[in-house]
Amino acid sequence: MAAHVPLPPGLPQLLKAGTRYFSGLQESLFSHITACRALALCLRTSYGPLGRNKLLVTHLGKALCTAHAGTILRELQLENPVARLLGAASQAQEEETGDGANAVVLLAGALLDNAEKLLRAGLPVAAVRDGYDAACKEAVRLLPGLACHALVDLRDPDGVAWALRAAVGSKLFGYQDFLAGLVARCCVAALSPEGAFEPDNVRLCKVPGGGVTDSRLLEGLVFCTEAESRVHQAREARIAVYGCPFGLARSETKGTVRFQGAAEMRAYGDAEEELLARRVRAIAEEGAGVVVVGGRVDPLALQFADQLGLMVVRLGSRLELQRLCRAVGAVPLASLVPPPPGAMGHCRRVHLSEIGSTAVVVFRQDGPVATVLLRGATPELLCSLEEAVTDGLNTYKALVSDRRLLPGAGAVEMALAVRLATLGTYLPGLEQYGILEFAQALKTLPATLAENAGLPVNETMAALEALHQLGTATAGVRPGEGGAPTMDAAREGVLDSLLVKERVLRLAAHTATTLLGVSHILVAKKSGGPKVRGENPNWDLEPDALE
């Protein structure tokens, strides 16, 4: 028998204090997980094509009704630093691929929720993190083997529409066929001869009125504005772009001009008018037919422009000026001077038109630029249309980099979950528990799809897992239709980009492992106690009124 060795004096108290310290670390970690779980639950009901909208009131008092996770997280003011980190990961996914922002939050929240169970059971944090890292690497390795289609021709509108149908329909279910065809034609029109695609070359113009099916594609750029001049159209026009007001520059501060008599006052006004006329005449003599300005339009300068036959258009957004310059090949000028050689752009036709009751100016241009004209009865519907088309454009950009497509509707997540569960069962070591919980977290996404679609979640998940166990890797959740709760996603045309799925897995796993390594949140505050109040000179007022 082993001899009993007495403990050194003071060691029991030290061990007890250490136990309290490590217990405090775990409670702090669990509070982080609770914050992430709250954010994931907030976005859970918005996931999928049948997700519900959120009525969001911004800090400026503007009300938004949307189910787009990127818009919700962009407008929310998150105070918890852990929730901010999770929101930053979702925003990174939105900026890189334009899709999958909600999936990052849901998957990362599920990973942290499952990690809490392991930590409360006594598993070390390092083992959980190692298991999650191993599961993420294995899932990324298995993704190419799950690809069911590949986009053969980037300039085929029918093939592109087939690939974009799920990405567009997830934001506006019911119009996925019409919108996918519209976005496909727009992407093919904006694709450069070298095969490069830039979403900035596609402009979205929202015009109230009409129905969704009244939306159409227009060549060139369309701006919701009116022509300032009496000339409303120009053909084969050279365009001069100015980022300044169309008129003489005025001083930012007030000044005083002193005249000795009426003759000096008359001469001063005539000189200013002559200077403005000379500048406008010099612009017309350089061959400009259209003048686009980003500031105010002086009535006197507009009168001279009408006399010379110039078409004047005012754009109030600097971003719109930059897009127009890229489209027509112009260089924006900072002052009202004659454009130097090579600074003016060229457009085939510029004309004023009217769509519904909204006046628009159309710049019809041959080249990789296009405009999607969106029609809708309400501002909320127009915003949903804009989000759907934007997701389709970003998905096409991802397909330009990687043309492989995966089955959607939760089929990929369930297939990865089945394979990772098999791997975790036969893998020795503590990492197997992290791999098994990673597999369970992947099942959260198809379960959320089934819940938002109004399907019985337990029966749907059981049927879906049974199909994947039998080798049907393309089985997914059938949303919004009667009959069987599952379907063949590849045959139905519900496809996702492989690049988008890969980045969702990487970002969610990296965010979860990063947050699992956080023990405490340290917030810098000013030292000292509360500020001592002096004597109240306004003793007759309430204390709240003094603030």
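Just so it is clear, the structure is predicted and the values come from calculations on it, not from any experiment.
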Got [X] and [Y] here, is their nearest side-chain heavy-atom distance under 4.5 Å?
X: Val183; Y: Asp391; result: no
X: Pro332; Y: Leu321; result: no
X: Thr513; Y: Leu111; result: no
X: Asp496; Y: Thr395; result: no
X: Val160; Y: Leu154; result: no
X: Lys397; Y: Leu393; result: no
X: Glu138; Y: Arg419; result: no
X: Phe363; Y: Val292; result: yes

If I compare all heavy atoms of [X] with all of [Y], which pair ends up nearest, and what's the gap?
X: Leu107; Y: Leu445; result: N-CD2, 4.5 Å
X: Ala134; Y: Ile435; result: CB-CD1, 4.3 Å
X: Pro485; Y: Thr460; result: CB-OG1, 3.6 Å
X: Phe438; Y: Ala509; result: CE1-CB, 4.1 Å
X: Ala490; Y: Cys148; result: CB-SG, 3.8 Å
X: Val188; Y: Arg155; result: CG1-O, 3.7 Å

Determine yes or no for a side-chain-to-main-chain donor-acceptor pair under 3.5 angstrom, with [X] supplying the side chain and [Y] the backbone.
X: Thr474; Y: Ala489; answer: no
X: Arg503; Y: Gln93; answer: no
X: Asn114; Y: Glu437; answer: yes
X: Arg375; Y: Val207; answer: yes
X: Arg403; Y: Val152; answer: yes
X: His468; Y: Ala475; answer: yes
X: Asp130; Y: Ala127; answer: no
X: Tyr396; Y: Ala163; answer: no
X: Thr511; Y: Ala108; answer: no

Give, for atom [atom1] of [X] and atom [atom2] of [Y], the distance between the pair rounded to the nearest 0.5 Å.
X: Leu146; Y: Glu413; atom1: CG; atom2: CD; result: 10.0 Å
X: Leu515; Y: His510; atom1: CG; atom2: NE2; result: 9.5 Å
X: Lys137; Y: Arg506; atom1: NZ; atom2: CZ; result: 9.5 Å
X: Arg120; Y: Glu116; atom1: CZ; atom2: CD; result: 4.5 Å
X: Leu467; Y: Thr486; atom1: CG; atom2: OG1; result: 5.0 Å
X: Glu431; Y: Asp133; atom1: CD; atom2: CG; result: 10.0 Å

Starting from the C-alpha separation in whole Å, work towards a yes-or-no answer on side-chain contact (heavy atoms from CB on, under 4.5 Å) for Cys224 and Lys206. CA-CA 8 Å; Cys224 292; Lys206 297 184 292 185; over 6 Å; no
Within a reach of under 6.0 Å around CZ of Phe197, are more than 12 heavy atoms found that belong to other residues, nucleotides or ligands?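 Check passes, neighbour count above 12.
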